[in-house]
Number of protein chains: 2
Amino acid sequence: MYVKQLAKLMGVTADTVRHYTRVGLLNPIRSAENGYQEYTKQDQQRLKFIISSRQLGFSLKDIQHIIGESEQGNCPCPLTRKLITKRLEETEALFQETLKLRNRMHAALEQWDTSADGANASDVCSLIESFVDPINDSANKEQRNDD
Amino acid sequence: MYVKQLAKLMGVTADTVRHYTRVGLLNPIRSAENGYQEYTKQDQQRLKFIISSRQLGFSLKDIQHIIGESEQGNCPCPLTRKLITKRLEETEALFQETLKLRNRMHAALEQWDTSADGANASDVCSLIESFVDPINDSANKEQRNDD
DNA sequence: ATTGACCTGTGTGTTGCACATAGGTTTATT
DNA sequence: AATAAACCTATGTGCAACACACAGGTCAAT
């Protein structure tokens, strides 16, 4: 089975399969005849595992470590638990940051709705330069208490 | 003013200032004496603009375009409005994806709380391989209607 | 034999910096 | 003045997870 076929079968791109191969997560056999990578059922199962792991937020390096543990005969589950805890913290942080960014962007669009282009004196773009974040604005600091 | 001083003054790292310089967003003058980059008040204002723009979700390339418009004598505000609309869509998408990922991770931790390590037959990690996403599980599809 | 469609591996680009390195400058000390 | 320590600089490279461009190989139909 060549790269494209495996990719299609598993619902990813051929480039993704090649990438996993390059970093050593998949180990196809190089055909002596045409130099193509031949993927086996094992690779297919492995790819399935990678996709599942990615969906749970593990990095490719995480997956390498987990597979490494397993291949050394150790139970990888403790490592898996430890890693997902760390990734969850990161995801939580990203979530909060993205939420705040989204709110800032909404606030900007609202402010810009009622302000004409180039109304203010500015050097580059009056919209951006005159935007004031309603959350971090010092006039609103009475609402918060974390400084 | 050298790179470190400007960076400290504006609350970013020297590497960040160097990066902005490398991509052409800042235009310091190279001292003929020691080869160092000399930043002026103009660069300082420009950096302030960049930081504000980044906080609103603009990419460095967006900022380049906005500045380019401004330097060509055009009002960059229409472009700014257009760009932030696109970025907001992306941020919204990222937000939703991050939210779903977070939920999946929480669900996994819950499932794994009550399942012992290596309890299932598996090839790499029983936890990951036996995890079933409660949202995308076919048994729960009656709750959704988007397929 | 030849055309065209499709496939392959390899190399490079993407984003926004952080880090490593080698060397220059400044300050303090002897 | 010489020297050492502390600090600074520019430049090159690394990171994550692929996507894309490129040159060429393969296969079926003509």
Side-chain angles (χ1 to χ4, degrees), chain A residues 1-39 43 46-47 49-65 67 83 86-87 90-91 93-94 97-98 101, chain B residues 1-39 43 46-47 49-65 67 83 86-87 90-91 93-94 97-98 101:
Chain A
M1 192 189 287
Y2 295 153
V3 60
K4 186 74 180 293
Q5 193 180 347
L6 175 61
K8 192 170 183 180
L9 188 63
M10 304 300 291
V12 295
T13 72
D15 278 324
T16 297
V17 174
R18 289 198 193 94
H19 181 60
Y20 294 164
T21 305
R22 276 196 268 209
V23 300
L25 278 171
L26 298 175
N27 303 297
I29 299 155
R30 196 172 292 269
S31 160
E33 199 172 316
N34 52 18
Y36 290 1
Q37 304 274 26
E38 298 216 51
Y39 294 88
D43 292 308
R46 172 66 59 89
L47 178 53
F49 177 74
I50 298 170
I51 293 170
S52 298
S53 302
R54 296 284 299 138
Q55 287 230 25
L56 283 175
F58 292 102
S59 71
L60 293 185
K61 206 157 279 182
D62 288 344
I63 300 171
Q64 284 177 333
H65 290 156
I67 291 175
L83 287 174
K86 192 163 55 170
R87 296 302 170 208
E90 294 172 3
T91 302
L94 173 63
E97 277 186 44
T98 307
L101 173 59
Chain B
M1 192 190 282
Y2 295 154
V3 60
K4 185 74 181 293
Q5 192 180 348
L6 174 62
K8 191 170 184 181
L9 188 63
M10 305 299 291
V12 296
T13 71
D15 278 323
T16 297
V17 174
R18 288 198 193 95
H19 181 62
Y20 295 163
T21 304
R22 276 196 268 209
V23 299
L25 279 171
L26 298 176
N27 303 297
I29 299 155
R30 195 171 292 269
S31 160
E33 198 173 315
N34 54 18
Y36 290 1
Q37 303 275 27
E38 298 215 51
Y39 295 88
D43 293 307
R46 171 65 60 87
L47 179 53
F49 177 74
I50 298 171
I51 293 171
S52 299
S53 303
R54 295 285 299 139
Q55 287 229 24
L56 282 174
F58 292 101
S59 71
L60 294 185
K61 206 158 277 180
D62 288 344
I63 301 171
Q64 283 177 333
H65 291 156
I67 291 175
L83 286 174
K86 192 164 57 171
R87 295 303 170 208
E90 295 172 3
T91 302
L94 173 63
E97 275 185 45
T98 307
L101 173 59

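All of these numbers come straight from a predicted model, not from anything done at the bench. In what follows, chains are A, B, ... by sequence order, proteins preceding strands, each numbered from 1.
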Figure out the [atom1]/[atom2] separation between [X] and [N], and round it to whole Å.
X       : N      : atom1 : atom2 : value
A/Leu47 : D/dA17 : CG    : P     : 15 Å
A/Lys8  : C/dC6  : NZ    : C1'   : 12 Å
A/Tyr20 : D/dA19 : OH    : P     : 9 Å
B/Lys4  : C/dA18 : NZ    : P     : 13 Å
B/His19 : D/dG14 : NE2   : P     : 17 Å
A/Leu60 : D/dC15 : CG    : C1'   : 12 Å
A/Gln64 : D/dA17 : CD    : P     : 9 Å
B/Gln5  : C/dT26 : CD    : C1'   : 15 Å

Expected output: side-chain [X] to main-chain [Y] donor-acceptor under 3.5 Å:
X       : Y       : answer
A/Arg30 : A/Gly35 : yes
B/Thr16 : B/Val12 : no
B/Arg46 : B/Leu25 : yes
B/Gln64 : B/Val23 : yes

Below 4.0 angstrom, N of the basic side chain to O of the carboxylate: do A/Asp15 and A/Arg18 qualify?
yes
Minimum-distance nucleotide to A/Asp15 side chain [options: C/dT8, D/dC20, C/dG16]
D/dC20
Heavy atoms under 4.0 Å, any strand shown: does A/Arg18 hit a base, just sugar-phosphate, or nothing?
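Contact class for A/Arg18: base.
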Among side-chain atoms of A/Asp43 and A/Tyr20, is any donor-acceptor pair under 3.5 angstrom?
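Side chains of A/Asp43 and A/Tyr20: no pair found under 3.5 Å.
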Any luck finding a side-chain donor-acceptor pair between B/Tyr39 and B/Thr21 under 3.5 Å?
yes
Does [X] have a side-chain nitrogen or oxygen under 4.0 Å from the phosphate oxygens OP1 or OP2 of [N]?
X       : N      : value
A/Lys61 : D/dA16 : yes
A/Thr13 : D/dA19 : yes
B/Thr16 : C/dA18 : yes
B/Tyr2  : D/dT9  : no

Residues touching DNA chain D, which here means a heavy atom under 4.0 Å, drawn from residues 22-38 of chain B
B/Arg22, B/Arg30, B/Gly35, B/Tyr36, B/Gln37
